[in-house]
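The structure appears right after this line, and notes come after that.
For clarity, every value in this text was computed on a predicted model and none was experimentally measured. Reckoned from all heavy atoms, side chains included, excluding hydrogens, waters and symmetry mates. Chain letters run A, B, ... following the sequence lines, proteins first, then strands; residues in each count from 1.
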Amino acid sequence: MFRVMKLTTFLLLAACLQISAKAVSQQITLSAKNAPLKKVLKEVSRQTGVSIVYDETMIARTNPVTLSVKNASVKEVLDQCLKGQPVSYSMDGLRIVIRDLPEAPRQPADTTIRVSGRITDDKGEPVPGATIRVKGTNTGTAAGADGNYSITVPQGSQLVISFLGYTPQTLPVTGSTLNVQLAVSQTSLTETVVVGYGVQKKSVVTGSISSVRAADLENQPVTRTEQALQGRTSGVTIAANSGQPGSAATVRVRGLTTFGNNNPLWVVDGVVVDNGGIGYLNQYDIESIEVLKDAASQAIYGARAAAGVILITTKKGKAGTLKVNYNGYYGISEPAKKLDLLNATEYATLRNEAAINAGKDAPFANPAALGAGTDWQSVIFNNSAQRQNHEISVSGGNDRSTFYGSFGYLNQEGIVATDISKYQRVNVRLNSTHKLSKYVTFGENVGYAYDKAIGLGNTNSEFGGPLSSAINLDPITPLVVTDPAVASQQPYLNKGVVRDAQGRPYGISGSVGQEITNPLAYIQTRLGNYSWSHNVVGNMFLEIQPIEGLRVRSSIGTKISFWGNETFTPIFWLNSSTTSPRTSFQRTNNQRFDWNLENTISYTKAFGLHDVTLLVGQGAYLDNRTKATDVTYFDLPASSFKEASMNFNVATANRVATGSEGIDHKVASLFARVNYAYNEKYLFTGIIRRDGSSRFGANNKYGVFPSFSLGWVTSRENFWPANNVVDFLKIRGGYGVVGNDNIADLGYASIVGGGRNYTIGSEGSYLVGYSPNAPANPDLRWEETKQTNIGFEATLFRDIHLSFDWYKKVTTGILQELRIPFYVGAFSNPVANVADMENTGIELELGYRKVLGDVTLSLNGNVSYIKNKVTDLGPGISYLSGGETFIASSYPLTRTAVDQPFSSFYGFQTLGIFQTQEEVDNYVSRDGKKIQPNAVPGDFRWADLNGDGEINDQDRTFIGNPLPTWTYGLTVNAAYKGFDLIVFGQGAGGNKIFQGLRRLDIGNANWQTKALGRWTGPGTSNDFPRLVEGDPNNNRNFTNPSDFYLESGSYFRIKNLQLGYTLPASLSKRAGIERVRVYIMSENLVTFTGYTGFDPEIGGNVMSIDRGIYPQARSYMMGLNITF
Amino acid sequence: MNKRKISYIAMLAAGMLVAGSCSKSWLDVEPKGSIPEEDYYKNADEAMNGLVAVYDVVGWQGNGFVTKVGALNAASDDHYAGGGGPNDVSALQVWSNYTLTPATGPQEELWRKGFSGVARANTLLAKLPDVPMDENLKKRFAAEARFLRAYFYFDLVRLFKSVPLMTDPISTLNEMYDVPQATPQEVYAQIEQDLKDAIAEPNLPDQVPAATEGGRITKGAAHALLGRVYLFQEKWADAVAELEEVNGAMPGQTSAKYGYKLLDNFGDLWNPAHKFNSESIFEIDFNANSAGNWDCVSCTEGNVLGVMVGPRGYRALTDDAPDYVSGWSFLVITPDLFNAIHYDPRYRYTVANLDSLEDNGIVEYEKGFMNTGYFLEKFAGRTSTRSTGGGNWELNFGLDMYEIRLADTYLMEAEARVRSGESGLAGTRSYDLLNAVRARVGLAPVSATIDNIMQERRLELAGEGFRWFDLVRTGRASAVLGSRGFVAGKHEYLPIPLLELDNTQIEQTTEWGGTK
């Protein structure tokens, strides 16, 4: 019988370090004379990196040893020095255990029992290092790399099996075998959070950080990483820029931080990746996403953190058995909604009415004869666009090396004009870690992606493209001209008229022109054009742990991208103003190289109840090293993309080429952080970072960004009564300063720039002129965002997790181009720190998890509210000139002004419609002057806000906020036996959308059916004015930006509804498969909204302006998840 | 592996990288493709590049399609703004119907244009003394820069009355808010001085070779501009002296010194094949080969009026229809001008009568805003003049325009003479001048009365951006433009752009409710 070993100090070592065959054969050189055995063993351990486990009391009974060896193996040394000792040794698994001689039993045989078994997690993976302890004693052991353990215990004992991150289990010993499956602990006490240059237990985190875990991502059919965050965490607003597959989304962390680039800093495995470039990631490769929301957590990223930091950690392999995982789905997409547009008869009726109202002849003699006409939406929408995604990963490793490799393939067709709307991506990833020795770890994470995108061209643009055309094109124009007599007349005789496969010309509208063209003809002109990119993002690190608690880490990361596009433009004539008289073939090539280097030292030490972690680091970052070339050949003898080639010898004059290089953006940083916890009850974090940026002026090259945060785990106080209501409560608060250097390079210097060209002489070429761009601003500095955050986290009734945050974020010295007087004559405006803005908000996250018999239920919800306000625009400036424009609108749609949300909608207020001439005549100012003397019944009554008795630009006001003030999400997970159900919904509200789907400058454009409710006589309508050709009395019913165009942007969307079934383990195991799950799911099944456009989710630099956005698709998919 | 070795390698690597990133100059970056101001203006080539930047402003076109000639046309009685709708290029619309306010109108673009030119000229004049280069060449550059500064200030003072007067560049943020506003007299004095300096410079040539230097300032251009400056100040005798120098001894004959002579064929003036012809004194040059594209409309060297004034949605129905490109229907010609010029020999070079073409079934076109059926033929783009170079053809019409041409200086001299007392009857020089212009297009002589001269100016120079200034300087604007909304005592000037008043010493003019 073996004696049970007391595991004291070496448990940890034994758990994490194992001997490999290589180490055992390591050559040892040592000589000792009457040295304690312990000292010799330590030396053996030091030289070889082998861990040697022993019991202190047992080793105390051994005799001193004398030996001298050179290049001996471990076995030789141990054999020598244990000769004659009261102990022997064994290789237990892959470590060496010193034990009593087997013939010296200490306990009577009938009172102990040897128990062995395997500790696994809920997926059947081994849990190496799990401790097995006899309850009420210090006796225990640890599980090996394969999860196996063996322990000798008194009969009738109870075993406590525990491991960090898992729920401990206490089980009685009933026989010689006890296999235990540990469940991943769901309590916030054991969860860890990535905090930037480290990991912290969630229970001691003092900042405001939201996390999304792999488990939440794996079952989402997202194409881009941003979408995975939507509705998942509080404090993050996400809106798709387009439903075009693969297109980016607008991401805002706690609202708008600055006037310029509000994109958060994305850090993937320590490598900074620009916002647009995040599309290379495959969501299945992501282990966790952390959003650093408050300044106290962001400060570790200093001068680039103000708009929020999003940390992405990719998956790593785990020691143990090889694991192969397949995830995939296949499905189809369709549009969720079509606009209600007029049919040909209705259109002609309204055109007649508008003409008659303008005193002209009705253009259509018999509208009814026109029937329904062409439904342009059905022409461009695809109800069965295919979409599929497959990913296979292999991971595993041993105690020295682990790896995770994956391959992914995604192919998605767009629902609009699918021939020119497609996206494909291929991903490869390899992450691995190698223990070079006991002290040194080396690893690398590398992801590569290739994507190919075929895009519509214009999306969310009033200037054409299939969507804008389908909305605005008249329904009378035929899809194709079938009458040869018509086809043989103008305009069908123009060179370049596009024809279908049978040679019939696509219909060309005689009523609606400009960029609005037959969408099928338009598609033909873009066939084959595509853009592509290659991205490699990776890092390598070396980590040394010379003594316990001290980690020295050096990491180098890079992002290398290549991207470009290939575009052939044939000769075409879509209408008189949308023509291409010549062929051209354009090829662009871009490359970009970013790198960063970080060196950190961290030291963790516990003194009694005090826990201290110190981190100091240094970083150097370079990005924007870009090069671009763009070549266009004109007049190629080709008529399609396939035929186009740059091998054609076109004349030199017909080759146009441009190129450019980016200016390096460099940041040099020093940073430090201290975390202190007393008994995990009183918590403190302090951070300071100093950043120098190449974008700052000579007088302000370096910025210092400090922060601190405090936490108090109230529930750990002695006075906290034991109760069943609040199990855990942490109150936390922090304050910090972060910065933003997101401005143009060299903004501080006076630069002489070219491009001020003029033609001199008649020989056809022009000369390039140079002049200074702007006055210098050597005081240029970072903009500062100061944020105060107060919140708490609590666990209620054991099952409910709650976290709440209130914050106030104040940005000062916003970097923007200073509007200098034009009389200075500068080419461009200098960059300066001029404006201030603040955001306040509250955030609530709620989680609930309960096992009720066979049913496992979990609910997770979050809701955020944000209020944004511009507080200063510089001395004497109350608003910025400019704003978002819309074609033929009498004024810009938006204005940025003091005391208003950034880029608020700005326009006129309507006060109903004049029903009679009497109402027009009675609409007078205080002094009796008619306010709208030229108005006629059926026109809008505009509010005369400044009371000057006339309607002009002074009567505009703030009429809505484009940025949602409320965002929320709700996930329900339910499982019953093998079945599981996921319902994930997400919504936003509080914003207004500008519904700009109809071209204002094209009077004959088709109308939406709400125009049928127009004013036609007293009492017919008080919100939709009369229709009249042109605007003869200049009342600007439609061309004034006004509340007429604004609609509520609130929506709630069932983003994902999924039903899965996992085959019984007994069945799948028989096939050698660990787990098989099949599922069906839908994406965007239902959207609840009152908005009349395609889709209320409208991203963009200024959100919520709908110029015909490419709507999100509704998809139905089935999927399979297999783990071997 | 030996642990110690690994640690060394790691430490070494870390150390090297730390050292690399901490060096002081690491944060200084290469300003690729652009040069710090202190490193520029180092030789004659760079000085020339600085001069080209000043000339660039002569052809200024804003991103919003506001050009000097386009805006002045829209404001005159000869054109409506037109376009696609009442808000299409609203800066032109509001000047056309006189609803402009200090916040909206073409003033911002035109103010910006003028001062950009002034600033670039000032920069060059400040840099030139230290540029190591041929001194004679340097003097020529300086004379050109002075001429151009005078030219820009002349537009500014005529459009805005009270403007800040600067003869040195502003290079720091601090000094730029303290610039005072000058009186018109001070500005005119500076303009005259700059032009006299240019004329006095022996290195400014009388003529330049068209092929290599066409478009550059000559002494003739300086005399012509100075003459016009005097004319606007009603310094008739001074104007006569300068303009006579330009027009030469015998009206209609080649002026010996400068080589000026009216073109025989009026239509050739708007043929790109006749750039820098003998009638051209100061030409605004455009280029069909700059590959301008929609990414930066203001960057093109092409003439945007080519597509702007074209008939909208133009569709040829017969083979013999004119080859207009489909344009945007801006600056349509008013019935008033149409009636005035309809039976004049210059009509067919001035007016594109789409109304008639459509009535005859030859073409179709979309009726834009304020459509009259009459388009500006002088600048209308045609398929035959469409660029065959790169970029978007809409932005690459190469047709030049004339800032000063001989017919104009003839008529100006005639006017100055008559206003200073000459009878204008046969035998007088003013009679000869006026009738040289008429004779070129085959019109019978008439006596040189002010009315006849002004009518001749209207028809000869129609669409070229002179009409509005002529109406305003002769005090006839409110009579002619009153029905369009012109208010005397207000609309003679554009308002100073509202934004220029923030934080500066600038005050609005009295015409627009201010004090200056």
Side-chain angles (χ1 to χ4, degrees), chain A residues 436-437 439-440 490-491 513 542 544 554 576-577 597 599 618 620 632 634 656 661 663-664 666 668 692 694 701 746 749-753 755-764 766-772 775 777 820-825 830 875-877 881 888-890 953 1001 1031 1039, chain B residues 1 3 6-7 10 13-14 17-18 21 26-27 29 31-32 34-37 40 49 52-53 55-56 84-88 111-112 115-116 118-120 164 170-173 176 210-216 275-276 285 287 289-291 301 313-315 317 326 366 390 499-500 502-504:
Chain A
L436 302 182
S437 80
Y439 303 110
V440 182
Q490 285 293 14
L542 191 68
I544 308 162
S554 190
S576 64
S577 44
L597 162 81
N599 298 297
Q618 171 271 337
T632 307
F634 288 89
V656 177
E661 293 110 47
I663 292 171
D664 288 352
K666 295 179 183 177
S694 59
K701 211 74 193 165
L746 306 171
S750 177
I751 296 292
V752 171
R756 276 129 247 197
N757 306 341
Y758 196 64
T759 307
I760 287 177
S762 55
E763 293 179 331
Y766 56 89
L767 301 177
V768 178
Y770 285 75
S771 76
N777 181 9
I820 63 172
F822 286 132
Y823 64 69
V824 174
I877 299 177
S881 59
S889 175
S890 56
D953 62 319
D1001 62 327
D1031 188 11
T1039 53
Chain B
M1 197 187 285
K3 286 168 288 181
I6 292 164
S7 329
L17 294 167
V18 171
S21 62
W26 195 71
L27 290 177
V29 294
K32 291 196 176 144
S34 46
I35 301 146
E37 191 180 335
Y40 206 70
N49 294 343
V52 170
Y55 273 105
D56 173 35
N87 303 310
D88 203 355
W111 175 275
R112 202 177 149 202
F115 284 108
S116 293
V118 168
R120 293 184 198 175
I170 294 176
S171 55
T172 70
L173 289 183
M176 68 188 179
T212 54
E213 294 190 12
R216 284 181 72 172
K275 285 191 172 207
F276 312 118
D285 304 348
N287 196 309
N289 298 309
S290 72
E301 299 303 312
Y314 178 78
R315 297 187 285 277
L317 299 180
S326 183
E366 288 169 26
L499 297 172
E500 292 295 282
D502 289 345
N503 298 323
T504 66

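Contacts of A/Pro821 with chain B are made by both backbone and side-chain atoms, with heavy-atom separations under 4.5 Å. A/Ser890 touches chain B through backbone and side chain together, each having a heavy atom under 4.5 Å away. When heavy atoms are compared at a cutoff of 4.5 Å, B/Arg120 approaches chain A solely by way of its side chain, counted from C-beta outward. Residue contact with chain A, scored on non-hydrogen atoms closer than 4.5 Å, involves the side chain of B/Pro164 exclusively. Residue A/Val752 touches chain B through both its backbone and its side chain, counting heavy-atom pairs closer than 4.5 Å. For chain A, no part of B/Asp88 is nearby; none of its heavy atoms comes within less than 4.5 Å. Heavy-atom distances place the side chain of A/Phe634, and not its backbone, under 4.5 Å from chain B. In this structure, chain A has heavy atoms under 4.5 Å from both the backbone and the side chain of B/Tyr55. For A/Leu746, the part sitting under 4.5 Å from any heavy atom of chain B is the side chain, from C-beta outward, and nothing else. Contact of A/Val824 with chain B is made through backbone and side chain together, with heavy-atom distances under 4.5 Å. In this structure, the portions of A/Asn757 lying under 4.5 Å from any heavy atom of chain B include both its backbone and its side chain. In this structure, the portion of A/Pro830 lying under 4.5 Å from any heavy atom of chain B is its side chain and not its backbone. Only the side chain of B/Ala291 comes within contact range of chain A, judged by heavy atoms closer than 4.5 Å.
The most heavy-atom pairs under 4.5 Å with chain B, out of A/Ala749, A/Gly692, A/Gly753, come from A/Gly692. Ranked by non-hydrogen atom pairs under 4.5 Å with chain B, the options A/Ser577, A/Gly825, A/Gly755 are led by A/Gly825. By number of non-hydrogen pairs under 4.5 angstrom with chain A, the leading residue of B/Glu366, B/Lys32, B/Glu301, B/Arg216 is B/Glu301. In terms of heavy-atom pairs under 4.5 Å with chain B, the best-connected choice from A/Ser762, A/Pro772, A/Pro775 is A/Ser762. Across B/Arg315, B/Met176, B/Lys275, the residue that shares the most heavy-atom pairs under 4.5 angstrom with chain A is B/Met176. Residue with the most contacts toward chain A among B/Val118, B/Ile170, B/Thr504, B/Asn287: B/Asn287 (heavy-atom pairs, distance under 4.5 Å). Highest contact tally toward chain B, considering only A/Ile877, A/Asp953, A/Asp1001, A/Val768, is held by A/Val768 [criterion: heavy-atom pairs under 4.5 Å].
Side-chain atoms of B/Glu213 never come within 3.5 Å of backbone atoms of A/Ile760 as a donor-acceptor pair (strictly under, hydrogens ignored).
For A/Asp1031, there are no side-chain hydrogen bond (donor to acceptor under 3.5 Å, both in side chains) partners at least two apart in sequence or on another chain.
Contact check for A/Phe822 versus B/Phe115: no side-chain heavy atoms found under the 4.5 Å cut-off. Between B/Val29 and A/Lys666 the shortest side-chain heavy-atom distance falls below 4.5 Å. With a 4.5 Å cut-off on side-chain heavy atoms, A/Ser576 and B/Tyr314 do not count as touching.
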Stepwise, does the side chain to side chain donor-acceptor pair (under 3.5 Å) test hold for B/Asp285 with A/Thr759? CA-CA 6 Å; B/Asp285 304 348; A/Thr759 307; over 6 Å; no
Apply side-chain contact (heavy atoms from CB on, under 4.5 Å) to A/Lys701 and B/Leu27, showing your working. CA-CA 8 Å; A/Lys701 211 74 193 165; B/Leu27 290 177; 4.0 Å; yes
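To the nearest 0.5 angstrom, A/Tyr770 atom OH is 5.5 Å from B/Tyr40 atom OH.
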